[in-house]
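Order of the sequence lines sets the chain letters (A, B, ...), proteins ahead of strands, with each chain counted from 1.
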Amino acid sequence: MQQSNLENIFEDFLNRSSVFINKDSLTIRYTPDNIPHRDLQINGIAKVLAPCLRLERPSNLFIYGKTGTGKTLVVQRVCHQLEALSLKKTVPLKVIYVNCKMRRVADTEYRLIAQLAKEVGQDVPATGLPTDEIYKVFFSAIDVKEQMIVIVLDEVDRLVKKAGDDVLYNLTRVNQELKKARVSIVGISNDVTFTDDIDPRVKSSLNEEEMVFPPYDALQIKDILLERAKIAFAEGAVGETIAGKCAAYAARDHGDARRALDLLRVAGELADRDAKGVIDESYIDFAEEKIEHDNTFEVVKHLPTQSQLVLYSGLVLDSSGSKPFFTGDLFSIYYDFCSKIGLKPLTQRRVSDLIGELDMLGLFNAKVISKGRYGRTREVKVGIHVSSLAKLRDLLESSLGFQ
DNA sequence: CGAGATTCATGTGAAGTATACCTTTAGGCTTAA
DNA sequence: AAGCCTAAAGGTATACTTCACATGAATCTCGTA
């Protein structure tokens, strides 16, 4: 492409009028002033955490709700206010927020505590130290003075599924170790049934208070969208029917408001790209597809090589038969690919675990079935939208170094 | 014909191994008095 | 003699392997009606 041409593109971009005024207000980073339909929860959480301000340890709190029901947002909102107020009243209070699902950040006991330590300014190595040592570092870092610490663990269910409930047990016992600081834990979980399989001791001490976030219904989502759209978009860029359509799409599966906002944002971006001043319905459909597409790509790109190859093997099997396939099938074709690209093959045991992980990520849909006389295995289907399959294969092929 | 045993292919848990990385410690070298 | 650097020793977490046992319905077997 020629340089003058490039310049034109940039010029063009700058001069072009956008449907957005403030795009940030549609992203997850944005904390709106007003959170509609969540007053009950906000007040509830505030009441639980309020004792912080008198340096009394509040009850541990546990929050359940599906994705996009505003859990994280509400908690962050309340915590911000709490911190702001504590600053004004000079109460030593600190809120630590950790998202446990982040791969390689906080998905094991060690890494979680290391992350907590980092949040309070103690840098610790990624490996090599005993876990107790990490605990000690973290404890002594917060126990330097009398203060209140609120630890928010987002998506704890992931952590517990991967690393067991020891972490939680240790954390709930923190207060006995500390002399000056007080710690309170707020756990956020997407999985409502998740406490079923944690130790009753942990359960009783963690669940001092609990709260459920019900899904939004279509009307509520529409409210939320209109509210945000007012901030985000130029006058008249989004009609009420568009918001309604987004809401309907998002409400279709469990009232996910985040999804609705994504939909609106991406639709806006697409409209901008076409230099249209208005978002019409067709953009919503494109946006739905694009989001799906982008999300899976983002996930796949950051997968370790071996997982990528397992996924690729799955895709190949899927395209050849488009019927569900079994662990054994996948393993043998995976094995062939390994020698083809010069990768040391993993054992079937490990591949089985990787299939499980891909299932958790939603890239596969796997369930264990028994075929009676013909054994027991996982029945695997590819859980990726058809429209992304071809491009995904290309991506994997180049990333894995196929010719 | 039906209850119980058998079978298959792999799930799954536990224990062991390799690797990468950490801290501690001891020895050797340098330096300043 | 004190201070500093380096390399070895001893320790850990993590990803993976090895081993061994668990699973569960289709199929087989065999006693019984």
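- For A:Arg376 and A:Leu129, each mapped to the nucleotide of DNA chain B holding its nearest heavy atom, the one lying further toward the 5' end belongs to A:Arg376.
- Among all heavy-atom pairs drawn from A:Gly255 and A:Thr69, the shortest one is O-CG2, 4.4 Å.
- Considering only side-chain N and O atoms, A:Thr131 lies under 4.0 angstrom from the phosphate OP1 or OP2 of C:dA13.
- Side-chain atoms of A:Ser307 and A:Glu357 form no donor-acceptor pair, as typed in the model, at a separation below 3.5 Å.
- In this structure, the nucleotide among C:dC16, B:dC22, C:dT12 sitting nearest to the side chain of A:Pro125 is B:dC22.
- Look at CD1 on A:Ile113: it is 12 Å from P on C:dA13, rounded to the nearest Å.
- In this model, the phosphate group of C:dC16 is approached by a side-chain N or O of A:Arg350 to a distance below 4.0 Å at OP1 or OP2.
- With a 6.0 Å cutoff to the six-membered ring centre and a 45° limit on the axis angle, A:Arg265 does not count as a cation-pi contact of A:Phe20.
- A:Arg111 has a side-chain polar atom (N or O) that falls below the 4.0 Å cut-off from OP1 or OP2 of C:dA15.
- Minimum atom distance to the side chain of A:Gln348 is reached by B:dT10, of the listed C:dT23, B:dT12, B:dT10.
- For A:Thr347, no side-chain nitrogen or oxygen approaches OP1 or OP2 of C:dC16 to under 4.0 Å.
- A donor-acceptor pair shorter than 3.5 Å cannot be found between the side chains of A:Gln348 and A:Tyr334.
- The nucleotide whose nearest atom lies closest to any side-chain atom of A:Arg349 is, among C:dC19, B:dT10, C:dC16, C:dC19.
- Side-chain nitrogen and oxygen atoms of A:Thr108 include at least one within less than 4.0 Å of the OP1 or OP2 phosphate oxygen of C:dT14.
- For A:Glu379 and B:dA9, the CD to P distance is 17 Å, given to the nearest whole Å.
- Atom CG in A:Leu346 sits roughly 19 Å away from atom P in B:dT17 (whole-Å rounding).
- In terms of position along DNA chain B, the nucleotide closest to A:Gly375 lies nearer the 5' end than the nucleotide closest to the other residue of the pair A:Arg378 and A:Gly375.
- Computed from coordinates, the A:Ile355 CD1 to B:dG11 P distance equals 7 Å when rounded to whole Å.
- A straight line from NZ of A:Lys367 to P of C:dG24 spans 15 Å, rounded to a whole angstrom.
- Listed pair A:Ser370 / C:dG24 fails the phosphate criterion, with no side-chain N or O lying under 4.0 Å from OP1 or OP2.
- No side-chain donor from either of A:Thr67 and A:Arg258 sits under 3.5 Å from a side-chain acceptor of the other.
- Distance A:Asp353 CG to B:dA14 C1': 13 Å, rounded to the nearest Å.
- Distance A:Leu112 CG to C:dA13 P: 15 Å, rounded to the nearest Å.
- When the nucleotides B:dA9, B:dC22, C:dA13 are ranked by their closest atom to the side chain of A:Tyr110, C:dA13 comes out on top.
- Contact annotation: side chain of A:Arg373 to base of C:dG24, donor-acceptor pair absent below 3.5 Å.
- Straight-line distance from the CD atom of A:Gln115 to the P atom of C:dA13: 18 Å, rounded to whole Å.
- Rounding to the nearest 0.5 Å gives a distance of 5.5 Å between CG of A:Leu396 and CG of A:Leu311.
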